[in-house]
Amino acid sequence: MSRQIKSIRGMHDILPEQTGAWQWFEAQVRETLSSYGYQEIRMPIVEQTDLFARSIGEVTDIVEKEMYTFEDRNGDSLTLRPEGTAGCVRAGVENGLLHNQQQRLWYAGPMFRHERPQKGRYRQFHQIGVEAFGMEGPDIDAELILLTARLWRRLGLRNVRLEINTLGSSEARAAYREHLVDYFKAHAEVLDDDARQRLETNPLRILDSKNPQMRAMIQEAPSLLDHLDASSREHFEQLQCLLRAADVPFTINPRLVRGLDYYCRTVFEWITDALGAQGTVCAGGRYDGLVEQLGGRHTPAAGFAMGIERLLSLLEADGGLPMAPSPHVYLMLAGEGTGSAGVELSEQLRDQFPGLRLQMNCGGGGFKAQMRRADRSGAQLALILGETELAEGRVTVKPLREGQTEQHTVTQEALAHHLAQALDLATAETRPTEND
RNA sequence: GUGGCCGUAGCUCAGAUGGUAGAGUCCCGGAUUGUGAUUCCGGUUGUCGCGGGUUCGAGCCCCGUCGGCCACCCCA
């Protein structure tokens with residue numbers, strides 16, 4: 001064995017023992033979103049670098065130092081998407097989905113950021129993004145939040161709390177930003193290196209500093225709430241009413257500032273304390289200016305993204321994750337001629353019961369070994385097809401789990417009844433056609 | 001990008017002060033020539049992350065590097 005090739009740092013395989021939980025999770029999300037009328041959209045994983053630079057913001061950490069950017073063979077600068085909103089807006093504009101229309105969209109898939117990996121933070125990670133276009137009132141903000149709250153309930157997720165804030169209109173936010181920069185510059189002697197840096201990049205972030213030396217100065221800083229425009233203020237108040245009416249508890253965190261430039265007005269985060277430093281499990285907000293900024297006509301919009309790895313590890317910490325389903329039956333083959341007879345029987349049973357999970361022994365092995373495989377497979381029943389059974393046209397059904405009846409040998413015709421009864425299987429499977 | 005801890009069998013881990021690698025589990029076979037998870041017996045599994053240095057001798061000490069974890073930063 002020469003030098004082992006290993007996966008790229010921060011990019012991990014999702015193994016069979018975990019994929020059951022992923023599929024279950026994704027199914028809950030899909031059904032919840034569908035119940036609110038959201039439709040899936042699938043975008044490419046690679047986009048022109050410019051798309052992200054123009055939407056996320058030139059001076060954000062993501063664009064400055066975290067993107068996987070490379071040159072295509074024809075010299076174009078391409079980037080592995082670090083988030084989904086920009087691509088979703090691009091796709092919507094490009095395909096005319098946003099032209100004077102309302103759209104409720106969602107997508108799922110990998111995102112890429114070149115950061116130092118740690119728990120809950122990976123270089124390839126997976127998000128589910130939800131975006132709503134063409135609705136400017138707080139009702140859609142509330143819908144997005146209620147949708148997530150419902151999803152948490154459905155997942156059995158505890159341990160998350162909601163924080164909301166408003167950034168005001170883009171104009172109000174820009175004006176406030178100037179105020180703030182002026183204020184900080186007047187207190188430059190108190191600023192630490194980090195803050196000096198952020199003065200240029202994201203001054204609002206300074207408000208969130210953990211440095212105790214700066215606490216007093218920050219307390220005295222002008223507040224965003226005092227610089228809100230009237231309509232943003234009202235928007236925010238209505239959102240709070242809607243959340244209260246729906247019984248979704250929240251706290252207002254005036255220092256909650258999302259890192260991406262395109263946010264305005266409503267921002268929110270679902271946070272947990274159970275995951276260490278990576279406590280944000282779902283976050284989003286309104287981005288009324290982005291569509292226009294990317295070449296569409298002015299379209300109000302709001303959305304959020306949730307991190308699948310973080311949510312799954314939170315669920316795991318809070319009671320465990322579901323596993324992939326085991327086979328219903330394991331078919332053992334013992335003796336001359338049972339190989340081909342077994343294939344025939346398996347296929348016939350799968351025809352009869354489309355939902356049946358039947359694992360047939362392959363690769364030989366002694367009786368004992370097959371018995372052990374049947375047990376390890378997690379199957380409820382072992383079907384034994386040996387020479388004696390074959391000669392009589394019968395099959396032995398051996399229950400493998402506690403609380404089941406004795407084993408017995410039945411004719412192959414009677415087998416279907418036994419399986420249907422023991423496993424509660426449906427015999428028909430319909431293909432969804434109409435709205436059913 | 002910065003700092004701290006850690007890398008030994010597929011997995012979980014043991015290997016005082018340097019003396020040429022071990023357990024459990026898993027897998028395979030047998031005890032029980034057609035009855036699993038228990039028991040007993042036997043067997044396979046390693047460039048001790050990688051590269052260099054010190055030493056008669058390095059899993060152990062030193063340097064570098066890669067990777068993991070944790071925190072900072074940032075974010076999902």
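What you see is a predicted model; the values in this text were computed from it and never measured. Quick note: numbers below take in every heavy atom, side chains included, and nothing from hydrogens, waters or symmetry partners. Here is how names work: the chains are called A, B, and so on, in the same order as the sequence lines, proteins then strands, and each is numbered from 1.
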Report task. Kindly say if A:R121 contacts the phosphate of B:A76, meaning a side-chain N or O under 4.0 Å from OP1 or OP2. Result -> no
Report task. Could you check which of B:G36, B:G68, B:C74 has an atom nearest any side-chain atom of A:H12? Result -> B:G68
Report task. Let me know the distance between CD1 of A:I5 and C1' of B:C66, rounded to the nearest Å. Result -> 14 Å
Query - Of the listed nucleotides B:C74, B:C69, B:A37, the one nearest the side chain of A:E115 - result: B:C74
Report task. Give the rounded distance in Å between these two atoms: NE2 of A:H114 and C1' of B:G67. Result -> 14 Å
Query raised in the report: Rounded to the nearest Å, what distance is computed from the CZ atom of residue A:R373 to the C1' atom of nucleotide B:C26?
Result: 14 Å
**Report entry** Distance, P atom - from B:U44 to B:A21, rounded to whole angstrom
**Finding:** 16 Å
Query raised in the report: Between B:G36, B:U35, B:A76, which nucleotide gets closest to the side-chain atoms of A:T280?
Result: B:A76
**Report entry** Pair assignment for B:U33, Watson-Crick or G-U wobble, requiring both distances under 3.5 Å
**Finding:** none
Report summary line: Against the side chain of A:P117, the closest entry in B:G36, B:A71, B:G68 is B:G68
Query raised in the report: What nucleic acid atoms does A:R116 come within less than 4.0 Å of, heavy atoms only: base, sugar-phosphate, or nothing?
Result: base
Requested in this report: Grab the NE2-P distance between A:H408 and B:G34 for me, whole Å please.
Outcome: 23 Å
Query - Nucleotide B:G30, atom C1' - distance to CZ of A:R372 in whole Å - result: 11 Å
Query raised in the report: From the list B:A37, B:A71, B:G36, which nucleotide is the closest neighbour of the side chain of A:Q278?
Result: B:A71
Query raised in the report: Which nucleotide, B:G34, B:G36, B:C73, lies nearest any side-chain atom of A:E389?
Result: B:G34
Query raised in the report: To the side chain of A:L400, which of B:A76, B:G36, B:G67 is closest?
Result: B:G36
